[in-house]
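A note on names: the letters A, B, ... follow the listed sequences, proteins ahead of strands, and every chain is numbered from 1. Side-chain atoms are counted along with the backbone in the values below, which use heavy atoms only and exclude waters and symmetry mates.
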Amino acid sequence: MPKVIYKFGDDISTDVVYPGRYMATVLPIETPQYAFADYVDFNKNLNDKNYPEGSFIVADNNFGCGSSREQAASCIKGHGINVIAKDFARIFMQNAINLGLNLIVCPDIEANVDDDIEIKDNLVINKTTGKSFGIEPLPPARQAIIDAGGLIPYTRKKMLEQLKK
Amino acid sequence: MGMTIVEKTLAKATGQKIVKAGDVLEPKVDLAMSHENGALVINQFNEVFKGTGIEPKIWNPEKIAIIFDHRVPAESSKTATNQKKIRDFVRKNKIKKFHDIRADEGGICHQILPEYGYVRPGYVVVGTDSHTTTHGALGSFAFGIGATEMASVWTLGRVLNVEVPHTIKVIVKGKFKNNVTAKDLVLYLIGKISAQGANFKVIEYHGETIKNMSTSGRLVICNMAVEAGATSGIVPPDKETERYLREVAGVTDDINFILPDDDAIYSETIEINVNELEPQIACPHTVDNVKPISDMKGTKIDQIVIGSCTNGRLDDIEIAANILKGKKVAKGVRMLVFPASWNIYKESMKKGYLESLSNAGAIIMNPGCGCCLGVHQGALGDEEVALSTTNRNFKGRMGNPKAEVYLCSPAVAAISAVYGEITNPLKGGN
C-alpha cells in the first residue's frame with residue numbers, strides 16, 4: 001500500500017519544490033533530479049528511488065505558491081509521486097493538470113509520514129488512522145484536460161479541429 | 001447585472017455580452033510574454049505538432065513578446081544555450097517584440113512591457129511568469145501561466161479553459177506619509193489577507209489613494225497581488241494610465257478603457273486607510289509574515305538589494321539616491337542596485353542618481369532580475385541576512401536556504417544600508 005513519504009505545512013513555494021538555481025534545466029526528463037533539492041535527504045531518497053511509485057506527499061494549504069516555473073510540476077511527476085494538499089496555488093495546479101501530475105485536493109486531510117493511504121470513491125482513506133477524508137473534484141474544465149491526457153494532446157486536438165473548419 | 005473589469009474584458013475577448021465569475025471561457029490573447037523559459041515553451045510547442053505532419057506555426061508573431069531578463073548575461077553555458085535556441089526561434093518566426101541582452105533595448109519583462117506600450121487597457125495578457133499580474137496596472141487582465149499552457153497559446157491564440165475569477169475590491173483612502181509608498185501598502189494588504197487570501201481571485205484596486213498614485217506605484221501593487229495568491233491585480237484605467245502610455249510608452253494609436261460597472265459584483269470589499277501606515281517589512285520565510293518596521297528595528301543586515309520587477313523603477317532609484325547622497329553604506333554591508341531596464345539605468349545616470357549611489361558604496365548592476373531568484377549576481381552566505389525591495393522571501397529564494405530575506409520599500413532599504421540594520425526612514429535614521 002502506498003505511503004506518505006513527506007509531510008509539509010502551509011505555503012510550500014515552487015522555490016522549495018524546484019530551487020531557482022536549477023531553472024536553466026527545463027526538460028521534463030531532466031528536472032526530477034532537482035526536486036526538493038534543498039531538502040537534501042528527501043532529494044537523495046527520491047533520486048535513489050527509495051520510494052515506490054504512487055507514494056504521497058501531503059501538504060496543508062497553498063502548495064505550489066510563488067513562481068510559475070513548470071519544473072515544479074514536472075520534477076514531482078518524474079518521480080511518480082502524487083500530491084495531496086488542503087489546497088493548491090493556481091498556477092501550480094494548472095501546470096500539474098497540464099502535465100498530468102496527479103493532484104488531490106483534500107481540504108480536511110490528516111496524515112503523517114509512513115501512514116498508509118488508499119484513494120477510493122472520492123475519498124482519501126488513511127489506513128493507519130482509520131479516518132477518511134473527502135476529495136474535492138476538479139472543475140469540469142480542468143478534468144477535460146486530464147481526460148485528454150494533458151494539455152499537449154488537448155491543444156493538438158483543438159488545433160486539428162480548427163484546421164478542419 | 002454589472003460586471004467587474006475582468007468580466008468585461010473577458011466578455012470582449014470572447015465576443016459575449018455578459019460574463020460572470022465561474023464561467024469557463026477560451027479568451028483570445030492580445031499579448032503572450034515569455035522570458036528565458038521560452039526554451040521550454042519552444043519544446044512544448046513543437047510537441048503539440050508532433051505526429052501531425054503539420055509544420056509548427058505560431059498563431060500571430062506580432063502578439064508574442066520575449067524578453068531576456070532572468071539570467072543576463074548568461075550565468076552558465078546551459079542558459080546561454082537556451083538563449084541561443086530562443087534567439088534562433090525568434091529570427092525564424094519573425095517575432096519583433098524581442099528584447100535581447102543589450103543596453104539599447106533590454107530590461108526586466110515587467111518593465112519592458114509597459115515601457116514599450118505592449119500592454120494596454122482591455123487587453124488579455126498572459127506571461128510565463130507569475131508576476132505577469134503587474135500589467136493590471138495599465139488596466140489589462142494579465143496573469144501568469146506555465147510553459148505548456150503558453151505553447152497552447154502560441155498554437156491557438158487563446159487560453160483554454162479559463163475559469164472567470166471572482167474579484168475582491170480593495171478601496172484605499174488617505175495620503176501616505178513621506179517615504180511610505182505603494183510597496184508598504186501592498187505588503188500591509190498581503191499581511192492582512194495572507195498569502196492565500198486572494199487565491200484564484202482578482203484584486204481590483206479603487207479609492208483616492210490609487211487615483212493619486214503614479215503608474216510606477218500601481219505596477220508595484222499589481223505586481224505583488226500574486227503574493228496574496230491573486231490571479232491578477234488590476235487598476236481601473238484613468239488619465240494617469242493615458243498619460244503614462246502617451247508620454248512614457250509613446251503610444252499614438254487609440255486607447256480604449258474598460259471600467260467596472262457601478263453595480264459589479266465583488267466577492268469581498270476591503271478598505272484600507274494609509275494616513276497612519278508606517279513602513280512594512282515582510283519577514284522570513286513567507287511574504288505574508290508582515291510586521292510594521294517598529295517591530296523589526298535593529299535587525300542586522302549583510303546585503304541590501306534595490307531592484308526587480310517590483311521596485312527597480314526610476315522613482316525607486318531616486319528615493320534611494322536622495323537618501324544615500326553624501327552618505328556611506330555601512331562597513332561590512334554590500335549594496336546592489338539593479339535598475340529595472342536600460343532606459344531607467346540611463347535616466348538614473350543622467351540625473352546623477354547612479355553617481356550618488358556608487359559614491360555611497362553601492363554597486364550598480366546591469367538591469368535584469370539579478371539575485372532575486374537566487375541564480376547569480378549576489379548570493380548570500382550561510383546565516384546571512386538580506387534586506388531587499390524584491391517580492392519574495394521564501395526559504396532559499398536568494399540561492400541559500402540557510403540565509404534570510406526581508407522585504408521592504410526602497411526608502412527602508414536605502415536608510416538601512418547607512419546603518420547596517422533595519423531602520424525607519426520616517427525617523428531619519430537611528
Side-chain angles (χ1 to χ4, degrees), chain A residues 10-16 19-28 30-31 37-40 60-62 65-74 86-99 139-145 150-160 162-163, chain B residues 24 36-37 39-40 43-44 47-52 54 70-71 74-76 78-79 81-82 127-132 143-149 151-152 155-156 160-163 194-196 199-200 226-227 229 231 285-288 372-376 392 394-399 401:
Chain A
D10 283 336
D11 303 323
I12 294 302
S13 72
T14 52
D15 279 281
V16 165
R21 59 189 184 279
Y22 303 113
M23 268 169 68
T25 300
V26 295
L27 297 179
E30 294 174 2
T31 58
D38 289 335
Y39 289 67
V40 178
D60 291 334
N61 290 295
N62 207 24
C65 64
S67 160
S68 64
R69 68 191 66 157
E70 196 164 288
Q71 290 99 320
S74 69
K86 291 184 174 168
D87 68 35
F88 293 91
R90 182 187 64 87
I91 304 175
F92 177 80
M93 180 185 241
Q94 192 65 53
N95 284 342
I97 289 163
N98 292 346
L99 295 180
R142 296 205 168 87
Q143 190 60 46
I145 295 172
L151 189 64
I152 288 178
Y154 190 73
T155 300
R156 189 182 295 136
K157 195 175 118 217
K158 292 253 178 190
M159 173 192 68
L160 294 172
Q162 209 163 289
L163 286 175
Chain B
V24 178
E36 277 92 336
N37 61 15
L40 180 54
N43 184 74
Q44 303 300 77
E47 284 290 316
V48 169
F49 290 85
K50 215 177 209 172
T52 62
I54 301 166
H70 272 53
R71 294 172 294 261
E75 92 297 349
S76 66
K78 199 161 200 172
T79 292
T81 306
N82 284 343
T128 46
D129 191 278
S130 58
H131 289 109
T132 302
F143 56 101
I145 62 175
T148 302
E149 193 149 16
S152 177
T155 309
L156 302 170
L160 300 178
N161 294 342
V162 172
E163 199 171 315
S194 91
Q196 314 154 13
N199 260 3
F200 293 86
V226 70
E227 308 310 334
T231 303
H285 291 286
T286 55
V287 185
D288 61 356
C372 175
L373 68 158
V375 175
H376 68 160
R392 287 191 173 134
F394 305 137
K395 211 179 183 68
R397 176 72 183 177
M398 271 189 194

As a quick check of understanding, evaluate side-chain contact (heavy atoms from CB on, under 4.5 Å) for A:Leu151 and B:Gln44, giving each step before the final call. CA-CA 10 Å; A:Leu151 189 64; B:Gln44 303 300 77; over 6 Å; no

By the definition side chain to side chain donor-acceptor pair (under 3.5 Å), identify the one residue from B:Lys395, B:Arg397, B:Arg392 that meets it with A:Asp15.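 In the set B:Lys395, B:Arg397, B:Arg392, the residue that makes a side chain to side chain donor-acceptor pair (under 3.5 Å) with A:Asp15 is B:Arg397.
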
Would a distance-only check, ignoring hydrogens and angles, find a side-chain to backbone donor-acceptor pair under 3.5 Å from [X] to [Y]?
X: A:Asn62; Y: B:Ala195; answer: yes
X: A:Arg90; Y: B:Gly144; answer: yes
X: A:Glu70; Y: B:Ala147; answer: yes
X: B:Asn82; Y: A:Ala24; answer: yes

Give the minimum heavy-atom separation between [X] and [Y], together with the two atoms involved.
X: B:Gly396; Y: A:Asp38; result: CA-OD2, 4.3 Å
X: B:Phe200; Y: A:Phe88; result: CE1-O, 3.4 Å
X: A:Arg21; Y: B:Gly399; result: NH1-O, 3.7 Å
X: B:Phe394; Y: A:Gly66; result: CE1-CA, 3.9 Å
X: B:Glu47; Y: A:Arg156; result: O-NH2, 2.8 Å

With chain A, which of B:Gly374, B:Gly127, B:Ala151, B:Ser152 has the greatest number of heavy-atom pairs at distances under 4.5 Å?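 So the answer, after comparing B:Gly374, B:Gly127, B:Ala151, B:Ser152, is B:Ser152.
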
When B:Leu40, B:Val375, B:Asn37, B:Asn43 are compared by non-hydrogen pairs under 4.5 Å with chain A, the top option: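 Ranked by contacts with chain A, first place is B:Leu40.
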
Name the option with the most non-hydrogen atom pairs under 4.5 Å to chain B; the candidates are A:Cys65, A:Gly20, A:Ala141.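 With the most close heavy-atom pairs to chain B, the winner is A:Ala141.
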
Separation between [atom1] of [X] and [atom2] of [Y], rounded to the nearest 0.5 Å:
X: A:Ile145; Y: B:Asn161; atom1: CD1; atom2: CG; value: 4.5 Å
X: B:Thr155; Y: A:Met159; atom1: OG1; atom2: CE; value: 7.0 Å
X: B:His70; Y: A:Ser67; atom1: NE2; atom2: OG; value: 6.5 Å
X: B:Asn199; Y: A:Met93; atom1: CG; atom2: CE; value: 10.0 Å

Portion of [X] that has a non-hydrogen atom of chain A nearer than 4.5 angstrom:
X: B:Ile145; answer: backbone
X: B:Val24; answer: side chain
X: B:His285; answer: neither

Which atoms of [X] come close to chain B, meaning under 4.5 Å heavy atom to heavy atom: side chain ones, backbone ones, both, or neither?
X: A:Met23; result: both
X: A:Ile12; result: neither
X: A:Thr25; result: both
X: A:Pro28; result: side chain
X: A:Phe92; result: neither

Are A:Asp10 and B:Thr286 packed together at the side-chain level, in the sense that at least one heavy-atom pair is separated by less than 4.5 angstrom?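 No, every pair of side-chain atoms sits at 4.5 Å or beyond.
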
Are A:Asn95 and B:Thr148 close enough that some pair of their side-chain heavy atoms sits under 4.5 Å apart?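 The answer is no, as the side chains (C-beta and beyond) never meet within the 4.5 Å cut-off.
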
Quick one: do B:Gln196 and A:Asp11 satisfy side-chain contact (heavy atoms from CB on, under 4.5 Å)? Show the steps, please. CA-CA 8 Å; B:Gln196 314 154 13; A:Asp11 303 323; 3.0 Å; yes

Quick one: do A:Ile152 and B:Lys50 satisfy side-chain contact (heavy atoms from CB on, under 4.5 Å)? Show the steps, please. CA-CA 10 Å; A:Ile152 288 178; B:Lys50 215 177 209 172; over 6 Å; no

